[in-house]
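Structure first, commentary second.
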Amino acid sequence: MDIKKMKMIKMKLFFYASFLACLLAGCREGQNFRMAESITVQDGNVYYYIKGLKMPFNVLFLSDTHFTIEDERGEEYYTYTRRMGGSAVEPENYGKGNGRDMAFRASLDKAKKADSELVILGGDIINFPSLASVEYIKSILDKSGLNWVYIAGNHDWHYEGEQGDTFSQRDKWIHSNLKALYQKHNPMFHSQIIHNINFVMIDNSAFEITQEQLAFFREQVGRGLPIILSMHIPVYLPGHNIDYGCGHPDWNRDNDIYYEIERREPWPEKGFTETTYQFRDMVLNSPEVIGIYAGHTHEEAIDFFNDKLQYVTAANYSNKDILIHFIPAD
């Protein structure tokens with residue numbers, strides 16, 4: 001073997017050994033800089049200061065409007081909708097909403113006044129998959145002229161007492177009554193890049209993450225752009241209760257206190273799959289993720305960790321939303 005070939009082999013061995021050592025040490029390209037220089041939260045506004053951003057822009061996030069309006073098409077589902085729908089599902093009130101569209105309209109007006117480039121609907125916008133409710137919300141969104149994206153919450157697709165497990169119910173309704181809200185996007189995951197910020201939407205409304213969703217999120221991290229991740233259910237963080245259920249170690253049948261009230265199957269006896277835990281770890285440890293936005297709890301909570309923010313918004317029906325500002329740091 002000549003000297004030139006020996007040198008090439010040594011160089012390759014050195015490269016592979018260095019790469020393996022980096023993996024074992026947990027190092028990773030990009031960890032020596034921040035995707036966001038700083039993050040500030042004030043009065044329902046979040047400010048990201050980002051180097052290299054060419055122009056400032058705004059995005060609005062809202063969750064948990066819990067709107068209901070019904071008509072004759074909902075009559076066959078009446079026994080499934082009485083608790084969540086209240087008087088709006090009574091036949092004498094067909095065509096009369098429960099009033100929560102006023103808060104929804106106010107949030108969209110706020111987004112327009114702020115020239116928001118995207119509105120993210122973070123789930124539980126309606127109380128169950130009523131066609132009348134979907135059409136009403138869709139008409140408001142269409143008239144707004146805003147760029148918007150929707151991911152489901154656990155109530156959007158759930159008729160309480162309907163037969164079937166969680167995943168089959170979600171699959172049934174996101175591909176039928178809720179279909180118009182997805183605007184031909186994949187209901188389970190979606191991404192929009194605006195000014196080099198990657199807005200990633202993941203449906204975790206069944207609490208768990210699928211392997212397909214994990215693979216999609218891994219691809220988004222691999223793009224190397226700052227990520228704003230939107231989901232309905234917050235990622236578990238120590239110090240929070242089980243409503244922060246995505247990856248919560250105590251999420252299991254023994255701790256499910258709502259399944260009888262909501263007339264659904266209880267959570268799995270053994271809790272989450274390994275896939276969900278892998279997803280949570282990737283979210284918390286990827287420097288690309290600069291923000292996680294969620295709802296579900298109906299109560300505001302703000303947590304900072306690993307140079308990122310998780311902001312859980314209070315319910316939109318209480319006139320709450322989050323206006324997110326992206327500002328050049330140069």
Side-chain angles (χ1 to χ4, degrees), residues 26-28 30-53 56-64 114 116 118 120 122-123 151 194-202 204 207 209 217 220-221 223-251 276-316 318 320-330:
C27 66
R28 177 178 174 180
Q31 283 189 331
N32 59 344
F33 66 89
R34 294 181 177 183
M35 287 285 173
E37 289 302 299
S38 65
I39 307 171
T40 303
V41 179
Q42 184 177 13
D43 298 329
N45 291 266
V46 179
Y47 301 87
Y48 289 95
Y49 296 87
I50 298 176
K51 282 188 175 180
L53 190 66
F57 70 101
N58 302 317
V59 167
L60 186 129
F61 177 91
L62 66 88
S63 182
D64 298 277
S116 297
L118 179 66
I120 302 171
I151 50 174
I194 302 175
H195 302 302
N196 270 351
I197 307 296
N198 191 4
F199 294 89
V200 176
M201 280 61 70
I202 300 281
N204 69 345
F207 286 85
I209 297 296
F217 185 68
Q220 301 312 306
V221 169
R223 299 172 93 166
L225 297 174
I227 290 174
I228 297 293
L229 173 63
S230 297
M231 304 181 292
H232 181 63
I233 297 170
V235 171
Y236 164 66
L237 295 173
H240 286 290
N241 63 27
I242 208 161
D243 284 336
Y244 289 69
C246 191
H248 198 298
D250 296 328
W251 184 84
T276 301
Y277 289 121
Q278 289 176 9
F279 172 78
R280 176 183 176 270
D281 288 344
M282 188 178 296
V283 169
L284 298 187
N285 294 305
S286 296
E288 292 80 4
V289 178
I290 60 175
I292 304 161
Y293 291 84
H296 185 60
T297 69
H298 297 187
E299 297 180 355
E300 183 182 68
I302 299 166
D303 290 278
F304 286 93
F305 55 94
N306 290 358
D307 292 329
K308 63 195 71 190
L309 162 72
Q310 177 162 265
Y311 197 141
V312 178
T313 182
N316 180 239
S318 298
K320 300 296 183 180
D321 49 43
I322 307 168
L323 191 57
I324 311 169
H325 308 260
F326 298 89
I327 303 166
D330 298 332

From [atom1] ([X]) to [atom2] ([Y]), nearest 0.5 Å:
X: Y236; Y: W251; atom1: OH; atom2: CH2; value: 15.5 Å
X: I302; Y: I322; atom1: CD1; atom2: CD1; value: 8.0 Å
X: I50; Y: N196; atom1: CD1; atom2: CG; value: 10.0 Å
X: S63; Y: H298; atom1: OG; atom2: NE2; value: 7.0 Å
X: N204; Y: T276; atom1: CG; atom2: OG1; value: 9.0 Å
X: Y47; Y: S38; atom1: OH; atom2: OG; value: 12.5 Å

Any side-chain heavy-atom pair of [X] and [Y] under 4.5 Å:
X: C246; Y: P234; value: no
X: N285; Y: N306; value: yes
X: Y311; Y: I324; value: no
X: H232; Y: D64; value: yes
X: E299; Y: V312; value: no
X: I228; Y: I290; value: yes

- [ ] Run through Y293, F217, F199 and flag the one making a side chain to side chain contact (heavy atoms under 4.5 Å, CB included) with L229.
- [x]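 Looking at Y293, F217, F199, the match for L229 under the side chain to side chain contact (heavy atoms under 4.5 Å, CB included) is F217.
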TODO: Using the side chain to side chain contact (heavy atoms under 4.5 Å, CB included) rule, pick out the option among V221, N198, L225 that qualifies with E288.
DONE: V221
- [ ] Look at the side chain of Q310 and the backbone N and O of V235, then say whether any donor-acceptor pair between them is shorter than 3.5 Å.
- [x]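 At least one qualifying donor-acceptor pair exists.
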TODO: For the pair T297 and H240, evaluate side chain to side chain contact (heavy atoms under 4.5 Å, CB included) and give the outcome as yes or no after the intermediate values.
DONE: CA-CA 11 Å; T297 69; H240 286 290; over 6 Å; no
Minimum heavy-atom separation for [X] to [Y], with atom names?
X: I242; Y: H248; value: CA-CD2, 3.6 Å
X: K308; Y: V283; value: NZ-O, 3.0 Å
X: N58; Y: A114; value: ND2-O, 2.8 Å
X: L62; Y: K320; value: CB-O, 4.5 Å

- [ ] Could you go through the side chain to side chain contact (heavy atoms under 4.5 Å, CB included) check for M35 and D307 one step at a time?
- [x] CA-CA 9 Å; M35 287 285 173; D307 292 329; over 6 Å; no
TODO: Could you go through the side chain to side chain contact (heavy atoms under 4.5 Å, CB included) check for L284 and L237 one step at a time?
DONE: CA-CA 9 Å; L284 298 187; L237 295 173; 4.0 Å; yes
Task: F326 and Y48 aromatic centres sub-6.0 Å - done: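 Yes, ring centres under 6.0 Å apart.
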TODO: Evaluate the criterion side chain to side chain contact (heavy atoms under 4.5 Å, CB included) for residue pair V59 and F61; output intermediate values, then yes/no.
DONE: CA-CA 7 Å; V59 167; F61 177 91; 5.8 Å; no
